[in-house]
Amino acid sequence: MAGVKNSIIWFRKGLRLHDNPALLEACKDAKHVYPVFVLDPHFLQQSSYKVSVNRYNFLLESLEDLQRSFQARGSRLLVLRGKPEEVFPRVFQEWGITQLCFEHDTEPYAKARDAAVRALAAAAGVEVVSPVSHTLYDTDMLVARNGGSAPLTMQSFTKLVDRVGDPPAPAPDPPAAIPPPAEGMPSAAPADTGVPSWQEVGFKEPPLTIFKGGETEALARLEASFKDPKWVAGFQKPDTDPSAWERPSTTVLSPYLKFGCLSARAFHARLLEVYRAHPAHSQPPVSLRGQLLWRELFYTVGSTTPNFHRMAGNPVCKQIDWDDNPEFLAAWREARTGFPWIDAIMTQLRTWGWMHHLARHSVACFLTRGDLYVSWERGVEVFEEHLIDQDHYLNAANWMWLSASAFFSQYFRVYSPIVFGRKYDPEGRFIRKFLPVLKDMPAKYIYEPWNAPLEVQRKAGCVIGRDYPAPIVDHAVASKACIARMAAAYRRSKGEGGGDGNDSGGEGGSGGGAAAGRKKAAAAASGGVGRGKKAAAAAAGEKPATGRGKAAAIAKGDGAASGKAAGGGSKRQRTLKETLQAAASDA
DNA sequence: TATTTGTTGCAGTG
DNA sequence: CACTGCAACAAATA
């Protein structure tokens, strides 16, 4: 069909040709298609937004891959320099553009940027088409289907998507030939629109990550994982090994999902295929599909919550009295806490820009509620700079989770910076890899080298305090203190009843105490039987159930106290969901 | 209202 | 390896 329009496909995320509905729309009936990426100074080191060379180069590699893909289809990618709001009015006019297509993006910066560009397009008489393809679903639709507010738990989210049904199928591949930009357009001059190198962008140090950007690499990585369908079907996230680095125990598809080199929908569709062939497959939240649902949940909550990346003014975030401790923060950031497991992970972050999910848990818990009691917001900033898979909503959500500020509240479950890693890697291979100064430390001491006799330290060529720092805290002491401070912060937040100024009346801390007393009594009522599976099964006369729960039946059976003691708890705390709804309706 | 459940804690016991 | 105590949270469920 003869082309009748000149269109721009504006790449931002979604750096791929597969499952790209915006690209298909741009190609439809087009005379000239202009594939554009704008190197926005907002995302450069020089601006307030910090980005490591690892992630920036991952972006550049992804653009080079896109460039090759367009060249193979008789076109080329145009990398334009400048702010989108300044670039587009110029090229709209110069290229005679009638349509602008880009993938919908729900991040705060993107929303503002896209609103500005939409206004400029409208002023120039340019039609805008902006389909959803970064997430599985249109997250606004999910919110609407959930009654106007985002779900806040995986359980409720899973129910919601079950009700909504499978996400849309991936879009078909683009045509084998794409009408190229017109000849002789100054702003599209090949000499000025190539993909720059990291040096040209202004970085001084080379990227060190082992992961290469681009759609081609993403699809190859996906295929590599799916070569073993049994592994895919049986995947359970909590069972994967955070210390595996030669062959990571997870897919490492996150950076490709972040930049959209891989379509979440394409990934999801492949998973459903495998699941059909393996009916006994694992389930959300621990399955591979569950990982995509976590991403979806956090995009959904994040995009509807004000100040999601901060504590203040964030209605889902517990307000906690974190310490401002620049020394602790610097030691953590610079991998010199004196805990080899923590410092090795932080070194992996700074060199590779990627760590296993549970490794992130270790260092995040350590920085915040576990040991250092530094705000999760500082952790967000460090991860935001270094992670190649840094993703605005996921980063904030996971930090809130680990710091027990939102989504997760069992703050007394603290990761040990010594024993957690040792469970997976008793020889300390991971530590030896990323902290070579400890490579000759005997396995017995490698997670706590300060306990090695001086003679052993000398022999290993690593004397604590000289070659490697002494631990900055005593974990046993620090974690106890942190738990106590978390308990106090939780009590305060109960007393304040939600903190949006519209609270349902508080009794200033005493409510928390009463509640704690009630719980204690309830625990006592279970008569020390606890939550054991065997005891529960014996009582119920059945095989062990999944949970800790049935002990309660025993408690009832032996006539122990009814768990009603220490009353006074009639006042009910406002739930997170209610707080969020109130915040949403205020807005 | 009471009880159970929640992607991923640890130390101690038998 | 299974279980319990630790000290005890918030949401979902019954």
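Chain letters run A, B, ... following the sequence lines, proteins first and then strands; every chain starts at 1. Worth knowing before you read on, the calculation uses all heavy atoms, side chains too, and leaves out hydrogens, waters and symmetry mates.
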Counting only Watson-Crick pairs (N1-N3 plus N6-O4 or O6-N4) and G-U wobbles (N1-O2, O6-N3), all under 3.5 Å, who is the partner of [N]?
N	answer
B:dT8	none
C:dA8	none
B:dT13	C:dA2

[atom1]-based separation of [M] from [N] [nearest Å]:
N	M	atom1	result
C:dA7	B:dT13	P	15 Å
C:dT13	B:dT7	P	12 Å
C:dA8	B:dT5	C1'	14 Å

Residue [X], side-chain heavy atoms: nucleotide from [options] that is nearest:
X	options	result
A:Lys318	C:dC9, C:dA12, B:dT7	C:dC9
A:Lys423	C:dA12, B:dT7, B:dC10	B:dC10
A:Trp401	C:dT13, B:dT8, C:dA12	B:dT8
A:Gln155	C:dA12, B:dC10, C:dA10	C:dA12
A:Ser156	C:dA10, B:dT8, C:dA12	C:dA12

Without decimals, in angstroms, what is the distance between [X] [atom1] and [N] [atom2]?
X	N	atom1	atom2	result
A:Leu358	B:dT8	CG	P	10 Å
A:His475	B:dG9	NE2	P	13 Å
A:Arg295	B:dT7	CZ	C1'	18 Å
A:Gln410	B:dT5	CD	C1'	9 Å
A:Asn398	B:dT8	CG	C1'	12 Å
A:His361	B:dG9	NE2	P	9 Å
A:Arg422	B:dA11	CZ	C1'	13 Å
A:Trp341	B:dG9	CH2	P	14 Å

> Taking the six-membered ring for Trp, are A:Phe58 and A:Phe259 parallel (under 30°), tilted (30 to 60°) or perpendicular (over 60°)?
Replying inline: parallel
>> Using 30° and 60° as the class boundaries, would you call the ring planes of A:Phe298 and A:Trp401 parallel, tilted or perpendicular?
In response: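 Perpendicular, since the angle between the ring planes exceeds 60°.
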> Honestly, is A:Arg221 close enough over A:Tyr256, meaning NZ or CZ under 6.0 Å from the six-membered ring centre and within 45° of the axis?
Replying inline: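 No, a cation-pi geometry is absent between A:Arg221 and A:Tyr256.
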> Are any of A:Thr153's side-chain N or O atoms less than 4.0 Å away from OP1 or OP2 of C:dA12?
Replying inline: yes
>> Please determine whether a side-chain nitrogen or oxygen atom of A:Lys159 lies at a distance below 4.0 Å from atom OP1 or OP2 of C:dT13.
In response: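 Looking at the OP1 and OP2 atoms of C:dT13, one of them is under 4.0 Å from a side-chain N or O of A:Lys159.
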Just call it for [X]: base, sugar-phosphate, or nothing, with non-hydrogen atoms closer than 4.0 Å on any strand.
X	answer
A:Tyr411	sugar-phosphate
A:Phe412	base
A:Gln236	nothing
A:Lys480	nothing

>> I'd like to know whether the aromatic ring centres of A:Trp341 and A:Phe430 sit less than 6.0 Å apart in this structure.
In response: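 Centroid distance A:Trp341-A:Phe430: below 6.0 Å, so yes.
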>> If the threshold is 4.0 Å, N to carboxylate O, is there a salt bridge linking A:Arg350 and A:Glu385?
In response: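 No salt bridge links A:Arg350 with A:Glu385.
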> Judged by modelled atom types alone, do A:Tyr373 and A:Asn325 share a side-chain donor-acceptor pair under 3.5 Å?
Replying inline: no
